[in-house]
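This report concerns only the one structure given below.
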Number of protein chains: 2
Amino acid sequence: MHIHSTFRTAAAAANLPVGAPDLLAAMQPAAVTFYPEGAVIYAQGDQAGPLYFVEFGTVRICRMSADGRRQITSFHVAGEVFGFEATDEHDFYAESVDGAGVRVLRSTSGTQPTGSLLLLAVRSLGRTQNHLMVLGRRNANERMAALLLDLNERQGGGAIVHLPMQRNDIADYLGITFETVSRILRCLKDQHIVRLHAVNEIEILDHEALADMCA
Amino acid sequence: MHIHSTFRTAAAAANLPVGAPDLLAAMQPAAVTFYPEGAVIYAQGDQAGPLYFVEFGTVRICRMSADGRRQITSFHVAGEVFGFEATDEHDFYAESVDGAGVRVLRSTSGTQPTGSLLLLAVRSLGRTQNHLMVLGRRNANERMAALLLDLNERQGGGAIVHLPMQRNDIADYLGITFETVSRILRCLKDQHIVRLHAVNEIEILDHEALADMCA
DNA sequence: CGACCTGTTGATTCTGCTCAATCAACGTGG
DNA sequence: CCACGTTGATTGAGCAGAATCAACAGGTCG
């Protein structure tokens, strides 16, 4: 696997979600477990219960349909919590995208600061609803723009966006094909909106233009 | 407006979500407010806070983008709770679809059974994630099939599905156009999968076939 | 009755998918 | 060191599904 030189740790994350620190303090979380690239954190059908805290790296939450189509519902980076489930079985599965460090938080069935949990759950809901709008009512260009801006914001807003995931993951997150992802990046490049320094390293030249596409 | 003869009340709902009754009991909710067809329950930008409980009728949760495209993130029927927001402003707006009775629940900032709230929020999250899969990885036929089965289940699973919303709402929920909705219903009719008793009254002839489309 | 709204249907266009070839990066083994 | 296979990314050609544009039908309400 690749070890990127610029791992963002939870402590260093500028946009550390409010609530997560309280939760961490209150829950005396377990040690960090390292999941190499592609490793399964929990599988579809596994018993749900504990929540997970991303210490570094990136995690993808996916669902696979019977005929093999995959939808990635979210990516989670350092400082974020995932693992909420409506039933006692995981309807989705979680995998490490690029080598990720994850802490297990104590089972949600005990006495816990449910206030913080509620906050985190509602925030997840908001993100997901947002993404619904992207998948339901935006074309491929706009979807890609939304992802770039999202990643950019989560990475501190600098000019360079690092894509921890590969084209296939981006495609399954945006509900398009990986060929289309490739074409759109080329298109953005030709319009001088981005520059491709490496396959997973993108410089945003025209932030405005991207933002306009998401209006 | 239309007053449908078969209003489903919260008390009569067979699939009343666990957690909501506890919440109702604990929160001494306000009286039922009636919102006629199309009435706004809260607007985008309004201050968020209270939750809402659907007593009868149907509510839609929407977001409008700058260029006028609308995405309906969810419909809520009798017995369901809506109004969760990640920030203190509503990112979405809620409207009555067909004349709905709604109770305001006490503000979430007080001392409350956050356990029940968490359960409801997580359930909303699950539903939304489910819908993500539909919008991201299914074609128009499959989306329609998913909606029909969803409504069918929420209405008790009988042969007749009642569509409280019009074609436009279905389209904006499924991320397609209303013309396509119309065509697909015609297509399902021609395949003897459904029968159209009225414009908003559909009989499911081949439940199996619909289920297969959602596999 | 006419205006209007919702829904249906048809013709055409276009976005994004499918299929396929090519390329670059990387690892392996002779 | 180089030939080979593998994997991920890019690009092209043709096609399909759904959007767009447009016409029309049926019902409701003033």
Rounding to an integer number of Å, can you tell me how far [X] [atom1] sits from [N] [atom2]?
X	N	atom1	atom2	value
B:Q166	C:dC4	CD	C1'	13 Å
A:D98	D:dG8	CG	C1'	16 Å
A:K189	D:dT10	NZ	P	9 Å
B:L196	D:dA25	CG	P	20 Å
A:N168	D:dT7	CG	C1'	11 Å
B:E37	C:dC5	CD	P	13 Å
A:E201	D:dA9	CD	C1'	16 Å
B:E142	D:dG17	CD	C1'	12 Å

Query - Donor-acceptor side-chain pairing of A:E201 and A:H197 below 3.5 angstrom - result: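 There is no such pair (donor and acceptor under 3.5 Å, judged by atom type) between the side chains of A:E201 and A:H197.
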Requested in this report: Indicate whether any N or O donor in one side chain lies under 3.5 Å from an N or O acceptor in the other, for A:H90 and A:Q44.
Outcome: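 No, no side-chain donor-acceptor pair sits under 3.5 Å.
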Query raised in the report: What residues form a side-chain hydrogen bond (donor to acceptor under 3.5 Å, both in side chains) with A:S182, not counting sequence neighbours?
Result: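 By the side-chain hydrogen bond (donor to acceptor under 3.5 Å, both in side chains) rule, A:S182 matches no residue at all.
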**Report entry** A:Y173 and A:F75 aromatic ring geometry - parallel, tilted or perpendicular at 30°/60° bounds
**Finding:**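 It falls in the tilted class, 30° to 60°.
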**Report entry** Pair A:Y42 and A:Y52, ring centroids less than 6.0 Å apart
**Finding:**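 Yes: the rings meet the under 6.0 Å criterion.
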**Report entry** Evaluation steps, side-chain contact (heavy atoms from CB on, under 4.5 Å), between B:E203 and B:V161
**Finding:** CA-CA 6 Å; B:E203 181 183 354; B:V161 178; over 6 Å; no
Query raised in the report: What one-letter contact string describes nucleotides 16-22 of chain C from 5' to 3', where B marks a base within less than 4.0 Å of any protein heavy atom, S marks contact via sugar-phosphate atoms alone, and - marks no contact?
Result: SSBBB--
